[in-house]
Amino acid sequence: MTDRPSGNVADVPPGGPLCLAGRIRIEAGGEQIDDTDDVALCRCGHSANKPYCDGTHNEVGFDDPGVIQGGRLVPGADEPAEDDPVVIVCATDGPLLVRGPLTVVAADGTTVSGTKGALCRCGISTTKPFCDGSHRDSGFSAR
Ligand code: FES
C-alpha cells in the first residue's frame, strides 16, 4: 500500500472534482472566500456554484480518467514549511492557480508536488489536471 503524502493534498478522482485536503485557502475576485481543511472544487467546468463542485459532473458525463496527462507544479522561490497553507486563486475565466505547497495525487497513485502551477477548471484542457490554456478559446466563464 502506498503511503499517503503529508501536507496539502489534491486528489483527482476519475470524472470528478478536485478534492483538496489540508490547509486550504481559496481566493476569488481578489478576496479570500474560504479557509477550510476539506473542499471539492469543480474541474468539469459546469458547476452552477463555481469554484465549488455541485455534482453537475455526473449529469454532463465529465469524462476524465483522473491521471496526469501533462503539466506540472514547480517549486517556488522559498522552501515551504510542512504546515504552510496552499492558496488556490480562482483566475477570472481561467484556471485554479496554486500558490503554496500542494501534492496532486492522480487516480493511478502518481503524485506531483510543488508550490506553483495552474489546475484546469474548464474541463477541456488536454493536460488535465493541469491547465493548457484551452479556456481562452472555449468561452469559459467563472469568477
Ligand atoms: S466537477 Fe463537480 S460540478 Fe464540475
Side-chain angles (χ1 to χ4, degrees), residues 1-76 80-143:
M1 192 171 143
T2 317
D3 286 340
R4 187 90 182 134
S6 60
N8 307 316
V9 173
D11 284 296
V12 188
L18 191 69
C19 299
L20 291 147
R23 295 187 65 203
I24 315 296
R25 294 179 186 157
I26 300 172
E27 293 181 3
E31 296 178 2
Q32 182 172 304
I33 61 168
D34 210 343
D35 185 350
T36 181
D37 59 7
D38 186 14
V39 68
L41 299 182
C42 176
R43 65 186 192 95
C44 77
H46 295 280
S47 172
N49 189 31
K50 297 182 192 72
Y52 304 102
C53 169
D54 69 356
T56 304
H57 58 270
N58 291 315
E59 294 165 29
V60 299
F62 180 47
D63 184 18
D64 176 71
V67 298
I68 308 289
Q69 298 170 56
R72 63 195 178 116
L73 294 173
V74 297
E82 174 77 12
D83 61 349
D84 276 354
V86 61
V87 180
I88 304 294
V89 180
C90 303
T92 303
D93 302 338
L96 300 169
L97 304 176
V98 176
R99 299 293 182 257
L102 182 68
T103 298
V104 176
V105 181
D108 62 1
T110 304
T111 63
V112 176
S113 296
T115 59
K116 287 184 77 175
L119 293 159
C120 174
R121 66 173 176 144
C122 73
I124 62 172
S125 170
T126 60
T127 60
K128 288 192 276 298
F130 297 100
C131 171
D132 72 352
S134 293
H135 59 273
R136 293 190 198 104
D137 300 323
S138 71
F140 176 70
S141 175
R143 72 169 181 162

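For the single chain, residues carry numbers from 1 onward in sequence order. Whatever order the structure lists ligands and atoms in, that order sets their numbers, starting from 1. Just so it is clear, the model here is predicted, and its values are computed rather than measured.
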Original post:
Which residue, Thr103, Thr111, Asp11, forms the side-chain hydrogen bond (donor to acceptor under 3.5 Å, both in side chains) with Arg4?
Top reply: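 Among Thr103, Thr111, Asp11, the one meeting side-chain hydrogen bond (donor to acceptor under 3.5 Å, both in side chains) with Arg4 is Asp11.
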Heavy-atom closest pair, residues [X] and [Y]:
X	Y	answer
Val86	Asn8	N-ND2, 3.4 Å
Ser47	Lys50	O-NZ, 2.9 Å
Gly66	Arg43	CA-NH2, 3.9 Å
Ser141	Asp93	CA-OD1, 3.2 Å

**OP:** Mind checking side-chain hydrogen bond (donor to acceptor under 3.5 Å, both in side chains) for Gln69 and listing every partner two or more places apart, or none if nothing turns up?
**Re:**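 Checked Gln69 against side-chain hydrogen bond (donor to acceptor under 3.5 Å, both in side chains); matches are Asp64.
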Original post:
Any idea how many protein N, O or S atoms are nearer than 2.8 Å to atom 4 (Fe) of ligand 1?
Top reply: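 Near atom 4 (Fe) of ligand 1, the number of protein N, O or S atoms below 2.8 Å is 2.
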